[in-house]
Number of protein chains: 2
Amino acid sequence: MDVNYAPLVPHTRPRGSYHHGALREELLNACVRLIEVEGIGAVSLRRVAREAGVSPAAPYHHFADRAALLAAISVRGFEQLTERLRAALAGREQPRAAVVSLARAYVTFARERKGYFQLMFRPELSQPEKHPDARAAGDAAFAVLADVVAELDSPDPEALAVSLWAFAHGLAALALDGQLDHRGAELGTDADMLTARAIRLLDSMLG
Amino acid sequence: MDVNYAPLVPHTRPRGSYHHGALREELLNACVRLIEVEGIGAVSLRRVAREAGVSPAAPYHHFADRAALLAAISVRGFEQLTERLRAALAGREQPRAAVVSLARAYVTFARERKGYFQLMFRPELSQPEKHPDARAAGDAAFAVLADVVAELDSPDPEALAVSLWAFAHGLAALALDGQLDHRGAELGTDADMLTARAIRLLDSMLG
DNA sequence: ACAGAGGACTATACAGTGTTCAGATACTGA
DNA sequence: TCAGTATCTGAACACTGTATAGTCCTCTGT
């Protein structure tokens, strides 16, 4: 007897219908919610299905496998990031201020959308080699940065773009891993403060 | 019938002994090997045990649970990193050259010891809140950087240390996630070249 | 030299996982 | 109205982490 999923009386679906209607969407949302609340370690396809009130096999009609679900979330994450970066650019005309603003937006996104961000950079989960659309969505985000850096006359704009990405990404990754909290605690400050000071430093170094 | 582990004729252990003798060590090594060859996704305690030629329950006499094994590897990784960073400092007297050398060593370590590095920064796997020794080992590594940065008279040495860490960490993380390969392919270069150019840029910016 | 204590290991079991497949159900267009 | 198709369920498989009880070996004290 398998009682893995929530007490779901057969043929008495919450929405009153056998067909869910918008299961794909609900699975994506349930998964992100789960990551955000219980962490990436708690994500299982069965758990996500249970959360959405369907059987463990139901997701397979919308996603080839677990990795496909996670890759879809990854794509969505990159799209949201791209939007955020574009928004951070609005009104800023000097490339230097724009770049700093991008870095800030990148880190902010990572911390506000932890669930998405972690998935976006864990290839063992979303298997980007099998789901190239995630890669493509990432390219779009990087392009926003590359375009601004191009205006920033540097002897090596490609390396500069990669460096800026690395800086922001490193800050974000360390923050999400709790490394900055820990470092902050030892220094009598916190992760927020540390990232803010680091980005201020970036500003001064670009000048 | 459970045939999960390798065909191991009962009481005919490879080493000729019932007691393995150095199982703890062998489990750690087998695990790292597994990550390096098949990726983090392929790591399961049972698989590691099988690789070491013991039953699935054997690891529990050396590690409280799966996370404890991974945390132990994490500790070892941080120790190796600390060593590498110290070695990178040898002979370099000017703090600026030293810092650049540290960044290079950090990225090199990440790429050469992929298995270790990934584990070190995936808290959902090694659960650092339960294994504070991993945190402590990380502190030691960071201290190497912080010490050098202190000589680099900056208006905000703490933020500078965090920034340099973030830069190197971002570069390493992006490289391991395959992002730099992908970016490199689009730019007609490769990940090695990109990281080298990025670090050269860091050098020029510190000047 | 030998008992027996305790550590290292195995066998077995349980719940949970990803995934597959046959069948049930509901929506769709002719 | 009715066949066809998309969606979903139930049951099954091999695998996972982990707990328990028991077996084997090595060591220590006498």
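Naming: A, B, ... by sequence-line order, numbering from 1 per chain.
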Original post:
CG of A/Leu89 to CG of A/Leu85: how many Å apart, nearest 0.5 Å?
Top reply: 8.0 Å

Original post:
Counting only side-chain N and O atoms of A/Arg50, is one of them less than 4.0 Å from OP1 or OP2 of C/dT17?
Top reply: yes

Original post:
What nucleotide among D/dT20, C/dC9, D/dT9 has an atom nearest to a side-chain atom of A/Ala57?
Top reply: D/dT9

Original post:
Atom CD of B/Gln127 to atom P of D/dG17: distance rounded to whole Å?
Top reply: 13 Å

Original post:
Would you say C/dC9 has OP1 or OP2 under 4.0 Å from some side-chain N or O of B/His62?
Top reply: yes

**OP:** To the nearest Å, give me how far apart CD1 (B/Ile40) and C1' (D/dT16) are.
**Re:** 17 Å

Subject >> Euclidean distance, atom OH of residue B/Tyr60 to atom C1' of C/dT12 [Å, nearest integer] >> reply: 15 Å

Subject >> Full working for salt bridge (Lys or Arg N to Asp or Glu O under 4.0 Å) between B/Arg113 and B/Glu79 >> reply: CA-CA 12 Å; B/Arg113 294 284 155 98; B/Glu79 288 168 353; over 6 Å; no

**OP:** Using a strict 4.0 Å threshold on nitrogen-to-oxygen distance, state whether B/Arg135 and A/Glu186 make a salt bridge.
**Re:** no

Original post:
D/dT16 P sits how many Å from B/Arg47 CZ, rounded?
Top reply: 8 Å

Subject >> Euclidean distance, atom CZ of residue B/Phe63 to atom P of C/dG7 [Å, nearest integer] >> reply: 17 Å

Original post:
Taking for each residue the nucleotide of DNA chain C with the nearest heavy atom, is it A/Val43 or A/His61 whose nucleotide lies nearer the 5' end?
Top reply: A/Val43

Original post:
Roughly, in whole Å, what's the span from CG in B/Leu23 to C1' in C/dG7?
Top reply: 13 Å

Original post:
What is the distance, rounded to the nearest whole Å, between atom CG of A/Leu27 and atom P of D/dT7?
Top reply: 12 Å

Original post:
Can you tell me if the side-chain N/O atoms of B/Arg66 get under 4.0 Å from OP1 or OP2 in D/dG17?
Top reply: yes

**OP:** Assess whether ring pair (Phe, Tyr, Trp, His ring centres under 6.0 Å) is satisfied between A/Phe117 and A/Tyr106, documenting all intermediate values.
**Re:** CA-CA 10 Å; A/Phe117 190 83; A/Tyr106 192 97; 5.8 Å; yes

Subject >> B/Arg46 CZ - C/dA11 P separation (whole Å) >> reply: 12 Å

**OP:** Describe, in one word, how the ring planes of B/Phe121 and B/Phe78 are oriented to each other, choosing from parallel (under 30°), tilted (30 to 60°) and perpendicular (over 60°).
**Re:** perpendicular

Original post:
Do any side-chain nitrogens or oxygens of B/Ser44 fall under 4.0 Å of OP1 or OP2 in D/dT16?
Top reply: yes

